[in-house]
Every structure is written in C-alpha cells, then in structure tokens.
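This is a predicted model, so every value here is computed, not measured.
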Amino acid sequence: MQVIDSDEKLTELVSRLRQVPWIALDTEADSLHAYPEKLCLVQITTPAGDELIDPLANINLEPLLAALGQHELIMHGADYDLRLFRKHHGFVPSTIFDTMLASRLLGIMQFGLNNLVAQHLGVTLDKGSQKADWAKRPLTEKMAVYARNDTHYLKELSDRLKAELEAKGRLGWQQESCARLIADCSQMRAIDPDLTWRIKGSNRLSRPAMAVLRELWRLAGTRGGRRESAAVFYLSHETLLDLANAAAPKSAA
C-alpha cells in the first residue's frame with residue numbers, strides 16, 4: 001500500500017497531474033473523533049490509477065492544490081470536502097462535476113455513492129471504514145481500499161450520469177448547481193460557540209440540565225487552553241444527556 005507522504009513523492013505526482021485529462025477527488029477527515037476536524041487524507045483517481053495523499057505527513061499541499069485548480073474535479077457529495085479545503089487550505093476549485101447533484105437532477109432517490117455505483121456499474125462497495133479514525137497511522141489495508149473506492153469509480157459514473165443529463169436537457173442545470181455549490185462553500189461562516197453543544201435531545205432538558213451539558217462539553221473539549229476534542233467523541237449523546245440530567249440541581253418540591 002503506497003501513500004504519498006513526502007514532498008518528493010508529491011512533486012512527482014503533481015507533474016503527472018498537469019497532463020491528465022480528468023481528476024476524481026475525495027477527502028477523509030477526523031470529524032467523528034476530533035474537534036475541530038482536520039484534513040487527514042486526499043484521494044485522487046486519474047487515468048493512471050488511484051493515489052492516496054497524506055496531509056498529516058507535514059508535506060506542502062500548495063503545488064497539489066494549484067494542479068487541482070486547473071481541472072474540472074469529479075466529486076460526490078462535494079459540500080463537506082469543499083468546505084474542508086476552503087477552511088484549512090484556502091482552496092476553491094474552478095469547476096466540479098458532483099455526481100450526487102447529477103443523480104438528484106435525474107430524479108434518483110437513492111443517491112449515495114454505494115447506491116449509484118451498484119445501480120449504474122454493478123459494483124458493491126464496502127463501507128465498513130466509513131466511521132474510522134482517519135488521523136491514525138499507519139492506515140490499514142481495509143481503510144486504504146475504502147478510501148480508493150471513493151474515487152475509483154467516479155469517472156465512469158460521471159460519464160453515465162452526464163449522458164443521461166444531456167439526453168434530458170439538464171446538463172446546464174448541473175453546471176449551474178455545481179457552480180452554486182462552489183460559491184456557497186467558498187464563504188467562510190462564523191460558528192456560534194453557543195450552538196456546538198446542542199446535541200440531539202438537548203432540547204428536552206431543563207434549563208439547569210442544559211447549563212450542565214454546556215459545561216460538560218466545554219470541560220471535556222478543552223485541553224491546555226486549546227479546544228482539540230469534544231465530549232461527544234468520548235461519550236454517547238445519551239450518556240451526556242443522562243449526566244446532565246443527573247447533575248442538574250432539582251427544583252424544590
């Protein structure tokens with residue numbers, strides 16, 4: 001399993017990317033395990049094959065991003081990936097083809113990548129590593145296979161969806177939708193710190209219990225003055241709610 005984890009390897013890849021006719025792109029982050037999240041893996045597929053790039057290996061991604069900006073990027077459900085690139089690396093692509101948007105414009109009800117690949121290409125994808133901690137190294141072979149699958153089939157899938165869009169006269173809608181998605185994701189939005197702790201079910205808590213929950217989130221999510229991980233990644237939502245209820249002062253009878 002080869003991962004691009006040095007500037008030398010990345011330089012060689014970038015030189016090849018400038019010549020390819022198309023690029024499929026995806027990312028993995030550790031948003032289920034850390035707060036704030038970080039970009040942990042970049043997956044790229046070109047006619048030459050699949051590549052995994054390790055942003056955690058202290059490599060300079062700027063040449064890669066510059067090369068990506070010169071292509072239409074084939075992506076699936078690009079919203080989160082675009083925001084991740086914009087937030088952490090200031091990267092905004094020039095154009096994309098989002099297979100999820102395409103499938104929705106075609107009226108497809110099950111537009112997850114595994115559903116689309118199964119329906120259009122007859123391939124069943126293993127989604128077993130979907131909730132893996134992508135910040136852990138080394139990557140397991142199972143994680144690497146999962147990551148590669150996220151881009152491996154995108155070109156063939158996009159070709160089929162594009163043909164259907166053209167046949168129905170909706171390709172222009174797709175282009176407009178993708179341009180709008182890029183514009184929306186390029187906007188930096190301030191995060192209200194008073195909303196991050198409002199997990200599912202918190203609206204049913206009493207006001208004192210809400211105050212306890214907010215403090216639990218703050219304390220568990222703060223290390224050495226920096227917010228590096230959130231309480232929800234150590235305890236389930238249900239456990240946090242139970243603790244907040246148990247610790248909250250009860251009103252006098």
Side-chain angles (χ1 to χ4, degrees), residues 26-43 55-56 75-89 98 100-101 104 109-116 125-140 142-143 146-147 149-150 181 184-253:
D26 192 43
T27 68
E28 302 295 346
D30 58 352
S31 58
L32 293 177
H33 301 271
Y35 182 90
E37 82 293 319
K38 54 186 174 292
L39 179 64
C40 296
L41 196 68
V42 178
Q43 303 103 280
L56 302 182
M75 307 178 73
H76 180 83
D79 181 284
Y80 182 75
D81 306 288
L82 294 179
R83 294 186 190 280
L84 196 65
F85 274 125
R86 174 66 179 90
K87 177 180 177 181
H88 295 287
H89 297 280
D98 189 320
M100 177 181 284
L101 289 179
R104 296 180 71 172
M109 302 304 294
Q110 293 183 312
F111 42 76
L113 181 61
N114 53 337
N115 298 113
L116 293 175
L125 299 181
D126 179 10
K127 305 300 285 186
S129 296
Q130 195 166 20
K131 297 182 179 180
D133 184 352
W134 291 97
K136 289 187 175 180
R137 296 295 183 270
L139 297 175
T140 66
K142 184 176 182 179
M143 291 169 70
Y146 168 90
N149 280 343
D150 275 348
L181 179 61
D184 289 345
C185 293
S186 68
Q187 303 301 314
M188 296 298 291
R189 299 173 182 173
I191 299 176
D192 185 348
D194 197 43
L195 296 179
T196 59
W197 58 273
R198 292 181 181 270
I199 60 178
K200 183 178 180 180
S202 62
N203 61 315
R204 298 192 296 271
L205 297 176
S206 65
R207 292 181 65 86
M210 280 189 176
V212 173
L213 174 62
R214 182 174 56 199
E215 189 65 11
L216 284 171
W217 184 278
R218 185 188 69 81
L219 290 174
T222 303
R223 292 180 178 175
R226 293 186 301 160
R227 188 169 178 77
E228 294 178 340
S229 57
V232 70
F233 303 131
Y234 294 99
L235 303 172
S236 69
H237 286 195
E238 292 77 11
T239 301
L240 283 169
L241 296 174
D242 289 344
L243 287 172
N245 270 320
K250 303 298 187 292
S251 58

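Taking the side chain as every heavy atom from C-beta outward, Tyr146 and Leu125 never approach each other to under 4.5 Å.
By the salt bridge (Lys or Arg N to Asp or Glu O under 4.0 Å) test, Lys136 pairs with no residue at all, sequence neighbours left out. Checked against side-chain hydrogen bond (donor to acceptor under 3.5 Å, both in side chains), Arg137 has the following partners two or more places apart in sequence or in another chain: Asp54. For the side-chain hydrogen bond (donor to acceptor under 3.5 Å, both in side chains) test, no residue two or more places apart in sequence or in another chain qualifies with Asp98. Partners of Asp79 under the salt bridge (Lys or Arg N to Asp or Glu O under 4.0 Å) rule, at least two apart in sequence or in another chain, are Arg83. Partners of Asp150 under the salt bridge (Lys or Arg N to Asp or Glu O under 4.0 Å) rule, at least two apart in sequence or in another chain, are Lys127. By the side-chain hydrogen bond (donor to acceptor under 3.5 Å, both in side chains) test, His88 is found to be paired with Glu37, residues two or more places apart in sequence or in another chain being considered.
Checking side-chain atoms of Glu28 against main-chain N and O of Leu41 turns up no donor-acceptor pair under 3.5 Å. For Asp30 (side chain) and Lys38 (main-chain N/O), a donor-acceptor pair under 3.5 Å exists by modelled atom type. His76 contributes no side-chain N or O that, together with a main-chain N or O of Asp26, makes up a donor-acceptor pair within less than 3.5 Å.
Counting all heavy atoms, side chain and backbone alike, Asn149 lies closest to Leu113 at O-CD2, 4.3 Å. Heavy atoms only, all atoms of each residue included: Lys142 and Asp126 are closest at CE-OD2, 3.7 Å. Among all heavy-atom pairs drawn from Pro55 and Val42, the shortest one is CG-CG2, 4.0 Å. Between Ala29 and Tyr80, the closest heavy-atom pair is CB-OH, 3.6 Å. Of all heavy-atom pairs between Leu205 and Ala244, the closest is CD1-CB, 4.3 Å. Of all the heavy atoms in Asp81 and Met75, the pair that sits closest is CB-CE, 3.7 Å.
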